[in-house]
**Q** 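The structure under discussion is supplied below as structure tokens; questions concerning it will follow.
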Protein chains: 2
Amino acid sequence: MNEDKSRHMKGIRRLAKHLNISIGTVSRALNGKPDVNEETRKRVLAAAVELGYEPNQAGRSLRKGSTGAVGLMIESSPETAANSDNFFLGLIDGLQSVLSRQSLDLLVLPCPSEEDPNDYLQRMVARQLVDAMILSATQHRDPRIALLSGADIPFVTMGRAGFGDSHAWIDLDFEGVANRAIDRLVGQSHRRIAVAVPPTDVNLGSIFLDGYKTALRRHGLPFDPDLVIYAKTTEQGGYVAGDQLLGLSERPTAILLVYELMAIGLYRRLSEAQLRVGKDMAVIGFRESPRSRFLSPRLTCFRMSLHELGGSLAESLLAVMPQFQAQYPLGAVHMIWPMELVEGESDGPPGG
Amino acid sequence: MNEDKSRHMKGIRRLAKHLNISIGTVSRALNGKPDVNEETRKRVLAAAVELGYEPNQAGRSLRKGSTGAVGLMIESSPETAANSDNFFLGLIDGLQSVLSRQSLDLLVLPCPSEEDPNDYLQRMVARQLVDAMILSATQHRDPRIALLSGADIPFVTMGRAGFGDSHAWIDLDFEGVANRAIDRLVGQSHRRIAVAVPPTDVNLGSIFLDGYKTALRRHGLPFDPDLVIYAKTTEQGGYVAGDQLLGLSERPTAILLVYELMAIGLYRRLSEAQLRVGKDMAVIGFRESPRSRFLSPRLTCFRMSLHELGGSLAESLLAVMPQFQAQYPLGAVHMIWPMELVEGESDGPPGG
DNA sequence: ATAGTTTTCGTAAACGTTTACGGAACAATT
DNA sequence: AATTGTTCCGTAAACGTTTACGAAAACTAT
């Protein structure tokens with residue numbers, strides 16, 4: 001060929017020169033357009049790998065108006081870092097497994113802790129480096145939702161937001177977990193059951209609390225506000241939750257944690273008070289982690305597949321992206337993600 | 001103004017029409033170029049916020065050949081998810097704090113577990129959506145390094161790679177930690193000290209092991225290959241490391257963990273064997289986490305600031321980016337990140 | 001052989017920026 | 001008044017793609 005002439009060129013132009021055809025044809029060949037001879041398409045594809053050609057994303061998305069990437073916004077503050085733990089990495093893997101089937105790339109967009117999440121999201125959206133967004137850790141009445149709706153960019157949120165919630169979302173089954181945990185504890189003849197939640201402005205806390213209350217009511221048990229312990233969803237939070245638990249005048253015999261991570265701190269605080277977890281105090285956690293199986297005693301908690309959750313999240317995102325609605329005709333999905341009880345040794349009848 | 005006429009336009013053109021000036025001037029005003037009247041610059045800036053203008057990234061980077069973003073490549077396999085824990089989120093926050101000062105954005109690029117990391121990196125680089133890369137979890141002789149060097153894209157790695165290592169890197173002080181841990185244990189009159197490392201093809205393992213060996217030699221203690229336990233760096237890995245430990249004919253009195261996470265599994269295994277951590281078996285971990293303070297007994301381990309590490313990583317990246325070498329004239333930094341001992345209750349003289 | 005159809009390809013415009021270049025306006029110097 | 005310099009701004013080309021359009025070529029059917 002005339003590699004001599006194509007040597008100094010770049011991009012698709014180089015490829016075209018190399019093959020002695022026009023750049024239009026090269027582009028069509030690479031993009032699987034129908035009006036190109038199969039023979040030449042083969043030659044183009046072969047030359048592409050030979051020359052290591054990859055289309056320039058800037059040029060492509062400038063012309064197409066779409067980027068072939070979706071964004072996952074996370075917050076990287078030390079606070080979230082402690083909480084979210086390995087949650088995101090598991091989720092990401094599930095997201096990719098579905099997105100890659102549509103040759104969509106995932107970009108994780110971490111909002112700096114110094115910047116306002118709204119400003120950050122606004123900037124990212126305006127820059128148009130993704131076609132759609134996944135929002136994690138949505139707060140009650142999260143303003144980011146209005147922003148994305150207004151900008152008319154497809155998105156899905158991990159977590160309800162408490163509006164009419166007409167947008168697509170998936171949320172964990174906080175009510176179900178609270179219900180089944182109470183059922184189990186009451187079945188073990190516990191009567192005074194505490195619950196640890198983050199401050200109620202966090203969405204998940206109030207939902208969990210609602211589940212807790214209705215479950216108590218269902219069993220004819222009174223709701224005692226003293227038994228609601230507000231604490232951070234960290235190891236440290238679990239420890240201070242333990243503090244508060246021990247300080248109660250009429251000590252409960254069981255406690256429900258909205259975050260599995262808190263168990264570590266709680267375990268320590270209880271052992272400092274010479275209380276045996278599972279005997280003197282029943283503990284049930286929320287989401288299972290590799291950790292919970294290796295605590296002693298093993299933590300009773302609820303299992304879910306992060307990978308599958310990520311997959312469903314991706315599918316529900318595709319369902320609101322115009323390009324993919326033919327393949328994923330689901331509409332805006334609203335989904336409560338089911339969780340499965342994992343029996344440990346951290347609960348049991350009061351008094352052992 | 002003639003908003004009527006500018007209504008239907010987009011981008012910088014809209015702004016220009018709105019102000020009745022040329023798009024060239026608008027662009028220069030926004031980019032802080034000197035040849036623009038301060039008066040008009042003010043008007044442009046004001047109009048930009050008024051109309052909520054954000055430059056289109058595709059157009060900009062197509063023209064400039066740079067994107068204003070740097071990438072952090074991570075791997076999202078379930079394996080890494082378990083290991084890396086909250087490592088990345090902490091790191092990211094530190095990275096951002098420095099990068100944002102240069103108005104650089106950070107894009108986290110998670111390699112799907114199904115895709116070959118090299119192919120993925122190649123794709124991302126070729127797409128030109130970042131100006132520079134940060135590689136995490138570099139392996140021994142990591143081929144990604146050759147790839148980036150060849151593509152002539154600035155990068156820095158988190159972890160040595162064992163080549164000549166002429167590229168910029170920062171790595172944790174595995175030798176120092178191993179040395180000081182051994183010093184401490186020997187000072188507590190331990191003589192048989194085990195060490196748990198991942199399979200040696202992982203870079204950090206062999207370095208840690210080297211530090212362990214030289215420290216033993218320094219104290220005139222023999223190196224016994226039986227005391228090197230190969231295990232995964234997870235809770236599960238800590239548990240099976242405990243298994244192996246207990247199975248040794250001549251049981252050591254102390255063990256050194258290359259990963260703090262393993263402590264949870266090890267604690268459990270030891271308690272199952274009725275051994276008291278810190279009395280019957282001294283345990284020293286590697287990197288401190290919020291967790292280690294709430295284990296009982298508290299884990300003796302080594303502390304570092306993820307935030308500062310991220311900051312240094314970002315600075316050393318800027319130092320190899322041509323655009324910023326004036327401000328960060330460091331050259332290619334090779335840095336061993338220092339760590340500080342945190343005394344817990346998990347070690348002590350043999351026999352309590 | 002002609003007209004119509006299909007297949008295949010080249011041409012050129014467009015996407016939204018940035019920037020080299022040159023020109024206009026004005027001030028300062030001779 | 002002519003020259004030089006400075007300040008500011010508009011024009012237009014470029015970046016690497018994709019794609020609407022039309023034309024040439026190759027069939028098909030009359």
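Below, read A as the first sequence line, B as the second, and so on, with proteins coming before strands; counting in each chain starts at 1.
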**Q** Taking atom NE2 of A/His307 and atom OG of B/Ser113, what is their separation to the nearest 0.5 Å?
**A** 6.5 Å
**Q** Check the distance between D/dA25's P and A/Glu39's CD and give it to me in whole angstrom.
**A** 19 Å
**Q** Using whole Å, report how far CD of B/Glu38 lies from C1' of D/dT6.
**A** 16 Å
**Q** Respond yes when some side-chain nitrogen or oxygen of A/Arg60 is under 4.0 Å from OP1 or OP2 of D/dT18, and no when none is.
**A** yes
**Q** Whether B/Lys64 contacts C/dT17 is assessed here as follows: a side-chain N or O lying under 4.0 Å from the phosphate OP1 or OP2. Is that the case?
**A** no
**Q** Within this structure, what is the OG1-NE2 distance for the pair A/Thr157 and A/His167, rounded to the nearest 0.5 Å?
**A** 3.0 Å
**Q** CZ of A/Arg13 versus C1' of C/dG10: gap in Å, rounded?
**A** 13 Å
**Q** Shortest non-hydrogen contact from A/Cys111 to A/Glu115?
**A** SG-O, 3.6 Å
**Q** Side-chain N or O of B/Lys10 less than 4.0 angstrom from OP1 or OP2 on C/dG16?
**A** yes
**Q** Could you state the CG-C1' distance from A/Asp35 to C/dT5, rounded to the nearest angstrom?
**A** 16 Å
**Q** Within less than 4.0 Å of OP1 or OP2 of D/dT18, is there a side-chain N or O belonging to A/Ser27?
**A** yes
**Q** Treating A/Arg127 as the side-chain partner and B/Asn56 as the backbone partner, does any N or O pair qualify as donor plus acceptor under 3.5 Å?
**A** no
**Q** Considering heavy-atom distances to DNA chain C, does A/Thr25 or B/Arg63 have its closest nucleotide positioned more toward the 5' end?
**A** A/Thr25
**Q** Checking all strands, does B/Gly24 fall into the base, sugar-phosphate, or nothing category for heavy-atom contacts under 4.0 angstrom?
**A** base
**Q** Rounded to whole Å, please give me the gap between CG in A/Asn31 and P in D/dT17.
**A** 11 Å
**Q** Taking CD1 from A/Ile12 and C1' from C/dA14, how many angstroms apart are they, rounded to a whole number?
**A** 15 Å
**Q** On DNA chain C, nearest-nucleotide positions of B/Arg28 versus B/Glu54: which is more 5'?
**A** B/Glu54
**Q** Could you give the NZ-to-C1' distance, from B/Lys17 to C/dT17, as a whole number of Å?
**A** 18 Å
**Q** Quick one: A/Arg14 CZ to D/dT17 C1', roughly how many Å, whole number?
**A** 17 Å
**Q** Does A/Asp131 use its side chain to pair, donor to acceptor, with the backbone of A/Ser66 at less than 3.5 Å?
**A** no
**Q** Using only side-chain N and O atoms of A/Tyr53, determine if any of them is under 4.0 Å from OP1 or OP2 of D/dG16.
**A** no
**Q** Touch check for B/Asn37, heavy atoms < 4.0 angstrom, all strands: base, sugar-phosphate only, or nothing?
**A** sugar-phosphate
**Q** Output yes when at least one side-chain N/O atom of B/Thr40 is less than 4.0 Å from OP1 or OP2 of D/dC9, else no.
**A** yes
